[in-house]
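In the text below, chain A, chain B and the rest are named by the order of the sequence lines, each starting its count at 1. This one's a predicted model, so the numbers in the text were calculated from it and none came from an experiment.
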Amino acid sequence: MATRLQFENNCEVGVFSKLTNAYCLVAIGGSESFYSTFEAELADVIPVVKTSIAGTRIIGRLCAGNKNGLLLPHTTTDQELQHLRNSLPDQVVVQRIEERLSALGNCIACNDHVALTHPDLDRETEEMIADVLGVEVFRQTIAGNILVGSYCQFTNRGGLVHPHTSIEDLDELSTLLQVPLVAGTVNRGSEVIGAGMTVNDWTAFCGSDTTATELSVIERVFKLREAQPSAIVDEMRKSLIDSYV
Amino acid sequence: MAEQAGMFMVHQTVGSVLCCKCGIPMQPNAANMCVNCLRSEEDITEGLQKHVIIMHCPECSCYLQPPKTWIKAELESKELLQFCLKRLKNMNKVRLVHAEFVWTEPHSKRLKVKLSVQKEVHGAILEQSYVVEYVVQDYMCTSCSRIQANPDQWVACVQLRQHVSHRRTFFYIEQLILTHDAASHAINIKQVNQGIDFFFSNRSHAVKFVEFLGKVAPINHRHDKQLVSHDPKSNDYNYKHTFSVEICPICREDLICLPPKVALSLGNLGPLVICTKVSNSITLLDPFTLRHCSLDAAQYWRTSFKPLLSSRQLVEYIVLDVETSNIEVNAGGSKYVLAEVEVARVCDFGKNDQIFRIRTHLGRLLSPGDFALGYDLYAANTNDIDLDKHRGLALPEAVLIKKSYEEKRQRKHRKNRLWKLKSLNMEVDNTTKGRVDEQKMNSEYEQFLRDLEENPELRFNISLYHNRDYQPSEMASVTDGGDVPSVPLEELLADLDLSDEDMEDVEE
């Protein structure tokens, strides 16, 4: 189900939160309403962690992660790193990487199997991503923009990209990611998908400016209507138990 | 650019997205909303004036541009559109693309202008058109109200005078004024005894007119003003300005005896000279030595002198014998050849044997049997101070001025001419002091027209018009038709007649 909310009167919720299948990171805001919305939706399924990265609140754009791991920029402080290591489940590998492009959330878009990265990312970083997140890495652009993390959001079920993406690009990306993709907007015509919303396999959070049309597109492409969190989390748990054994 | 570099470019087809408001599929644009949704969201004409009041003067159909300018414009004209757009405020926020008038009934006192404006909204450029309504209020402009209050009121007056007994100069100046349209600003023109008065509503118009006169005649002018009213609070003074302009009394064909000082300063030019041309300088020619010189207005007025004999006193001579010499001179555009001629006065011819042998400058034109006009110094009683000052001056018996075509004219009996002149709209001063003899005026005018026919350089600055009422006389086939000078057809201007008559052959 898709939820509409605001962070301190700002509709760019993807900037202030990071949602994956295994955990959710939320920025520290003045009022607790932002955190409480996430908590109400997700608390009994996955941990919702309040944090800051490099002392800022724009955590959604600074870090990149999926159910396997979380990548943090070199500007993250040691306390934040420790806090995250403590709060997140043990199977999530938290890694701080040395990368010139420190806004990892803008440079990397990933789901549990595939990642799209900024074309100018270092080779070591690419290897780190493949290693920590357990994904296949592709360097790509979206509608001519190099900041792939800002202009698209995709999960294991589907993806939403920049509205000006051409049909050929859409087909190519879809083949790479192996998920259905749709070009659309969020927050009343905003093209910056990654900043305007955050999504995982069963739920999505969008800015409150998002129109009903946009919301219906999101729910359709990410297949949120029939999604039940328990089914997905149970699958994860099953695989976890497997690994212990 | 990449294509020019030879790179392989995949053909990009633009996909379609759903409008974020209404959900209809559309091409993605900067706002990602379909045009209708965008238009319903944003009204770019918000804050722009839709209703303006403008002032219009019904007398002269001018529109007021505050604070003081009145702009003349017709309904639905370019100037009116420009004026209407200038009266709109806040137009710098949007870009004006197109403006046109919507027709309104003239009596409704409303003007409607349809404007198309463009503005950038959410990254996309939106264009919208709307109608501005102008309410026209009648308000008499200051110049019309001034004219209504006192129609005869003038602010500046130019009094043009020439103290001679004929009006030839004024005929000529009248034609020059008509050609150059110099009196277009004059509100009234009055003809008086020895001159013409021009009245203007603006001092600068009068100054411009006086400068024009200075270019065409040797004048001396002075300027005076009279206080009409004054506002002590704002220190505004209203004056009546008067320019007194005097034209020098020397005219063409005058015989002049130069005062000794002037003769010396001109290089000892023989004291008897003829004036051959008057424009803004005077050209003097000594008929016996063919020396010539020119005096400009300032030089003349420094040491002014009067003519000895003028064209009224011309007497007709018949030429008996001509002996041309080799001395030839080009003075002021005309060629003169020195010659010794034997002449007799027409009144003497046949009655007595009085013959004069004199020198003349008309050697090129005269041949025995011709008639010429000249001054009779043999019989004249000259009462000139300057003449007395020249001691030991031997006066010639006669001085010939020009060739006469009088006999031939009488033979031809031509009543009317192929060409005609326009005239200024003058008010004639009919008081007893300024009364001008009607018949004298007519004969002088006829003489002036003949002068124009004979002298091409006089015609130079004047516009002649084709006379539609010309009837060629039956004697047109007479062989000596070419002897009498007449105006060639190429010099005539077709009179611009805006009625539906078919135009006759158009000349330059």
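- Tyr134(B) is linked by a ring-ring contact (aromatic ring centres under 6.0 Å, His included) to nothing, counting only residues two or more places apart in sequence or in another chain.
- The 12-atom threshold is not exceeded at NZ of Lys114(B), counting heavy atoms of other residues, nucleotides or ligands nearer than 6.0 Å.
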Would you give me the side-chain donor-acceptor pairs under 3.5 Å for residues 53-75 of chain B, sequence neighbours excluded?
{"unit_1": "His56(B)", "atom_1": "ND1", "unit_2": "Asp138(B)", "atom_2": "OD1", "d": "3.4"}
{"unit_1": "Lys72(B)", "atom_1": "NZ", "unit_2": "Cys60(B)", "atom_2": "O", "d": "3.0"}

Cross-interface N/O pairs, chain B with chain A, donor-acceptor, under 3.5 angstrom:
{"unit_1": "Gln12(B)", "atom_1": "OE1", "unit_2": "Ser166(A)", "atom_2": "OG", "d": "2.5"}
{"unit_1": "Thr13(B)", "atom_1": "N", "unit_2": "Glu168(A)", "atom_2": "OE1", "d": "2.8"}
{"unit_1": "Thr13(B)", "atom_1": "O", "unit_2": "Ile167(A)", "atom_2": "N", "d": "2.9"}
{"unit_1": "Thr13(B)", "atom_1": "OG1", "unit_2": "Glu168(A)", "atom_2": "OE1", "d": "3.1"}
{"unit_1": "Thr13(B)", "atom_1": "OG1", "unit_2": "Glu168(A)", "atom_2": "OE2", "d": "2.5"}
{"unit_1": "Cys20(B)", "atom_1": "O", "unit_2": "Thr211(A)", "atom_2": "OG1", "d": "2.2"}
{"unit_1": "Lys21(B)", "atom_1": "O", "unit_2": "Thr213(A)", "atom_2": "OG1", "d": "3.3"}
{"unit_1": "Asn29(B)", "atom_1": "O", "unit_2": "His164(A)", "atom_2": "NE2", "d": "3.4"}
{"unit_1": "Asn32(B)", "atom_1": "ND2", "unit_2": "Gly189(A)", "atom_2": "O", "d": "2.9"}
{"unit_1": "Glu41(B)", "atom_1": "OE2", "unit_2": "Arg188(A)", "atom_2": "NH2", "d": "2.5"}

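- For Ser116(B), there are no side chain to side chain donor-acceptor pair (under 3.5 Å) partners, not counting sequence neighbours.
- In this structure, Arg95(B) CZ and Gln118(B) CD are separated by 4.5 Å, a value rounded to the nearest 0.5 Å.
- Environment of NZ in Lys112(B): sparse, with no more than 12 heavy atoms of neighbouring residues, nucleotides or ligands closer than 6.0 Å.
- For the set Gly189(A), Ala143(A), Ala212(A), Gly184(A), the entry with the most heavy-atom pairs within less than 4.5 Å of chain B is Gly189(A).
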